[in-house]
Amino acid sequence: MKRIKYLLTGLMVIAGITQAISQEKSAPQRGEIRDTEFIIRKDRVLSLPRQSRVFEKSPALPPVSTSINYNYQVKKFAATLAPVALNFQPYAKAFPKLESDQTQAIVKLGYGNYSSPLIQADYHNLNNDDYTYGAHLKHQGFYTGPVDGKNSAEDHTAVLLNGSLYKDDFEVFGKIGYERDMHHFYGYTPDPENLVMQDSIRQVFGTLKAMAGIRRVDRIEPFDYEANVALRLFNDRFEAKESEVVIRANAGFRANDFLKGGINTLLAFTSPSDIYYDDIERNYFRLQPYVQYAKDAFKIKVGANVIQENDIVPNKSKDLHVYPVLNMSYYVVPELGIYGSYEGDVIRNTYYDFIKENPFLGPSENLKNTIQNFQIDAGISGKANDQANYKIGVKYGDFTNMHFYGNNEMDSSRFQLIYDNNTKVVEYHASLDYAFDDWYQLDASAHFYQYTLDEIEAAWHRPEWEAKLNNTFTPDKKWLIHANLNAMGGIEALNLASTNQRKLGTIVDLQIGADYAITNRISAFAYGNNLLNQKYQRFNNYPVRAIQFIGGVSFKF
């Protein structure tokens, strides 16, 4: 029996070893895919036993009762204490005064050839918000000149004081100043045997000016106004005198962002006197109402010039003049626009105006205003790349009593006024201004004139063409450079003393100037005029100085 038991046990051990060995041999290698059979039975149904649903609600828990009382009683406790007296005192802290870069005063000192000193001082007080005031002083002389040294000297001195008082919505302003200009009548032919005394040809102009006015500060309000009264007293070294009072009053009203209107008025009382006239009262009043509409690229202004003047002129038909005013412009695109205008006016001329235009003017028989019967101006204008602005157009005007200059028939070194009864002028004009970043600016213009005259042969001492080219360079914060070119030509001259006529040479004046900031307060400058060394004449028999240089320093405070 035991043998049988041992035999069965041994067989079972051998069978287990054999099975293990066969499984090890038949074990699939890694990644091997064996054939496998899956059986899917569609007819098999899975069923679950039904379970009864409980519809009974959970019983509510009984409320919890408590005997605690949550009501509190608040009692007020008042303390009988005396009030504490607190004495406040502001503490004044000594703040250090900040240094300001704002310049209030500039002084410039220089000297050049032709014995030409330069002294200039400007002061502006801007420390107070309620008022400002300033002062200006300038003296520049050329004590030798192109003809007989001191006999062609000149100098110019100006002193000006100004101030403004600011209130809530208006400003009261004023200024007073004095100008002194010295010239010589050096338009003669030098003769060593016949010396000309300097004192006999010296001319000195003295002008006292004063003005006071009021204007609105906030210009964005619907109603705007400005009014001022100006006084001018003028005299020369001989017998010419002129006093003038001018009253200006302007009012404007803006209905909305597109429509506005206004009225400008000017009233002038002028009293000149000279060798040929005395006790003359030249009164002038102009009223200019207007309405302006501007929306998007379209702009139009319609108005009138109503003038009352009392000049005594031969064959004068009326003292009251009424002329229309019309200005229109439309920009097709910002780069291209068209404009046009039509306007009549009376251009007021005073002896002071003529002297500023020609300082070698001598006595004239009478003073006349220029009647602008009409002037038409039309052309194109636009802006390119937000850097350049241009304007090209043509003007045509009809004028009465347009003034010209001729050498005086009694003394050819002086000039006298010549008037033309009816003058028609065609003017072709073009202008361009360009700015590149912050270091270059260009301003250029050109004009060409054609005159059709009535009583005189030529437009005496008026240029046929003129051109200007102004360049400003700022390469860095320390440098400021100017390079300008002024040119004009086609000037016809008439000498009434000899009845000679001639055409003056072309004028080309090159000017270069530079300022260099040595420090924030000190700068050096150098200017040069007529660098092409041309001996041109703007007025007949009056050559200008040759190359001029002036240099110096300026100080800021």
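All values below come from the heavy atoms of this structure, side chains included, with hydrogens, waters and symmetry mates left out. Please read these numbers as outputs of a predicted model, since none were measured by experiment. Numbering of residues begins at 1 and proceeds along the displayed sequence.
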Discussion item. Is it true that E343 and N305 share a donor-acceptor pair across their side chains at a distance under 3.5 Å?
Written reply: yes
Worksheet item: Which heavy atom in P363 sits nearest to a heavy atom in I275, and how many Å separate them?
Response: CG-CD1, 3.6 Å
Item to complete: With sequence neighbours excluded, tell me which residues meet salt bridge (Lys or Arg N to Asp or Glu O under 4.0 Å) with D345.
Response: R286
Practice prompt. Please report the closest heavy-atom contact between L161 and A135, naming both atoms and the distance.
Written response: CD2-CB, 3.6 Å
Worksheet item: Going by the angle between their ring planes, with limits at 30° and 60°, are Y133 and Y123 parallel, tilted or perpendicular?
Response: tilted
Worksheet item: Side-chain contact, heavy-atom cut-off 4.5 Å: Y440 with T474?
Response: no
Discussion item. Does atom CZ (F354) have a neighbourhood of more than 12 heavy atoms from anything else shown, all under 6.0 Å?
Written reply: yes
Worksheet item: Side-chain donor-acceptor pair under 3.5 Å between E281 and N283, yes or no?
Response: no
Worksheet item: Shortest non-hydrogen contact from A430 to I392?
Response: CB-CG1, 4.2 Å
Worksheet item: If we ignore angles and hydrogens, is there a donor and acceptor under 3.5 Å between the side chains of N349 and T370?
Response: yes
Discussion item. Do F549 and L531 make a side-chain contact, defined as non-hydrogen atoms from C-beta onward lying under 4.5 Å apart?
Written reply: yes
Worksheet item: Could R414 and F238 be counted as a cation-pi pair, given that NZ or CZ must be under 6.0 Å from the ring centre and within 45° of the axis?
Response: yes
Worksheet item: Rounded to the nearest 0.5 Å, how far apart are CG of D398 and CD of Q375?
Response: 10.5 Å
Worksheet item: Can you tell me if S152 and H184 form a side-chain donor-acceptor pair at under 3.5 Å?
Response: no
Table please: side-chain donor-acceptor pairs of residues 431-439 below 3.5 Å, with sequence neighbours left out.
residue, atom, partner, partner atom, Å
D433, OD1, N389, ND2, 3.1

Discussion item. Distance alone, cut at 3.5 Å: any donor-acceptor contact between the side chains of Q511 and H482?
Written reply: no
Discussion item. Given 3.5 Å as the limit, does a donor-acceptor pair link the side chain of Y542 with the main chain of S413, or not?
Written reply: yes
Practice prompt. Could you tell me whether I547 atom CD1 has more than 12 heavy atoms of other residues or ligands within 6.0 Å of it?
Written response: yes
Worksheet item: How long is the gap from NZ on K138 to CG on L118, to the nearest 0.5 Å?
Response: 6.5 Å
Worksheet entry | Residue pair E427 / H447, side-chain heavy-atom distance below 4.5 Å | yes
Discussion item. Looking only at side-chain N and O atoms, does Y277 offer a donor or acceptor that is under 3.5 Å from a partner on N366?
Written reply: no
Report, one line per pair, each donor and acceptor closer than 3.5 Å where one atom sits in a side chain of residues 173-183; sequence neighbours left out.
residue, atom, partner, partner atom, Å
E179, OE1, Y352, OH, 3.3
R180, NH1, D155, OD1, 3.2
D181, OD1, H156, ND1, 2.8

Discussion item. Looking at R202 and D199, is there a salt bridge between them, counting it only when a charged N and a carboxylate O are closer than 4.0 Å?
Written reply: yes
Worksheet item: After noting the C-alpha distance and the side-chain angles of N127 and Q104, does the key distance pass the side chain to side chain contact (heavy atoms under 4.5 Å, CB included) rule?
Response: CA-CA 9 Å; N127 294 329; Q104 290 190 338; 2.8 Å; yes
Worksheet item: Does a side chain donor of either N421 or D454 reach within less than 3.5 Å of an acceptor in the other side chain?
Response: yes
Item to complete: Check the side chains of R502 and N540 for a donor-acceptor pair under 3.5 angstrom, ignoring hydrogens and angles.
Response: yes
Worksheet item: Is there a donor in the side chain of N113 and an acceptor in the side chain of R545, or the other way round, less than 3.5 Å apart?
Response: no
Worksheet item: Hey, does the Lys NZ or Arg CZ of R462 hover above the aromatic six-ring of Y449, less than 6.0 Å from the centre and inside 45° of the axis?
Response: no
Discussion item. Would you say that N373 contacts Y323 through its side chain, given a criterion of any heavy-atom pair below 4.5 Å between the two side chains?
Written reply: yes
Worksheet item: Looking only at atom types and distance, does a side-chain atom of Y284 sit under 3.5 Å from a main-chain N or O of R348, one as donor and one as acceptor?
Response: no
Discussion item. For the CD atom of E492 and the CD atom of E457, what is their distance to the nearest 0.5 Å?
Written reply: 10.0 Å
Worksheet item: Looking at D411, D148, V196, which one forms a side chain to side chain contact (heavy atoms under 4.5 Å, CB included) with I201?
Response: V196
Discussion item. For a 4.5 angstrom cut-off between non-hydrogen side-chain atoms, does F415 reach N407?
Written reply: yes
Worksheet item: Stepwise, does the side chain to side chain contact (heavy atoms under 4.5 Å, CB included) test hold for W465 with F448?
Response: CA-CA 4 Å; W465 62 269; F448 180 77; 3.9 Å; yes
Discussion item. I need the N484 CG to N470 CG distance, nearest 0.5 Å.
Written reply: 4.0 Å
Item to complete: For the pair N358 (side chain) and F360 (backbone), establish whether a donor and an acceptor sit closer than 3.5 Å, ignoring hydrogens and angles.
Response: yes
Item to complete: Working to the nearest 0.5 Å, report the span between CG of N369 and NE2 of H321.
Response: 8.5 Å
Worksheet item: Taking the inter-plane angle between the rings of F374 and Y396 on a 0 to 90° scale, is it parallel (under 30°), tilted (30 to 60°) or perpendicular (over 60°)?
Response: tilted
Worksheet item: Is the backbone N or O of A249 less than 3.5 Å from a side-chain atom of T265, with the two atoms forming a donor-acceptor pair by type?
Response: yes
Fill in: Gap between atom CG of L485 and atom CG of D509 - 0.5 Å precision
8.0 Å
Fill in: Within 6.0 angstrom of K241 NZ, more than 12 heavy atoms from elsewhere
no
Worksheet item: Centroid-to-centroid, F234 to F205, below 6.0 Å?
Response: yes
Worksheet item: Angle class for the Y516/W479 ring planes (parallel below 30°, perpendicular above 60°, tilted otherwise)?
Response: tilted
Worksheet item: With no hydrogens and no angle check, is any side-chain donor or acceptor of T423 less than 3.5 Å from a backbone partner on M402?
Response: no
Worksheet entry | Main-chain N/O of Q308 paired to D319 side chain as donor or acceptor, under 3.5 Å | no
Worksheet item: So, does D311 use its side chain to make a donor-acceptor pair with the main chain of V313 at under 3.5 Å?
Response: no
Discussion item. Could you check whether N151 and Y188, counting side-chain N and O atoms only, form a donor-acceptor pair closer than 3.5 Å?
Written reply: yes
Discussion item. I'd like to know if the side chain of E242 reaches the main chain of Y351, judged simply by a donor and an acceptor atom lying under 3.5 Å from each other, with no hydrogens or angles considered.
Written reply: yes
Worksheet, complete the sentence: Between K316 and N310, the two heavy atoms sitting closest are NZ-C, 3.8 Å
Discussion item. Ignoring hydrogens, what is the shortest heavy-atom contact between P146 and V544? Give both atom names and the distance.
Written reply: CB-O, 3.7 Å
Item to complete: Would you check if the side chain of Q534 reaches a backbone N or O of V508 as a donor-acceptor pair within less than 3.5 Å?
Response: yes
Worksheet entry | L361 vs N408 side-chain heavy atoms within contact, under 4.5 Å | no
Worksheet item: More than 12 heavy atoms of other residues, nucleotides or ligands under 6.0 Å from CD of E365: is that the case?
Response: no
Practice prompt. Look only at the side chain of N495 and the backbone of S412, and say whether a donor-acceptor pair between them is shorter than 3.5 Å.
Written response: no
Worksheet item: Would you say the side-chain atoms of H136 and N162 include a donor-acceptor pair closer than 3.5 Å?
Response: no
Worksheet item: Would you find more than 12 non-hydrogen atoms of other residues, nucleotides or ligands less than 6.0 Å from K368 atom NZ?
Response: yes
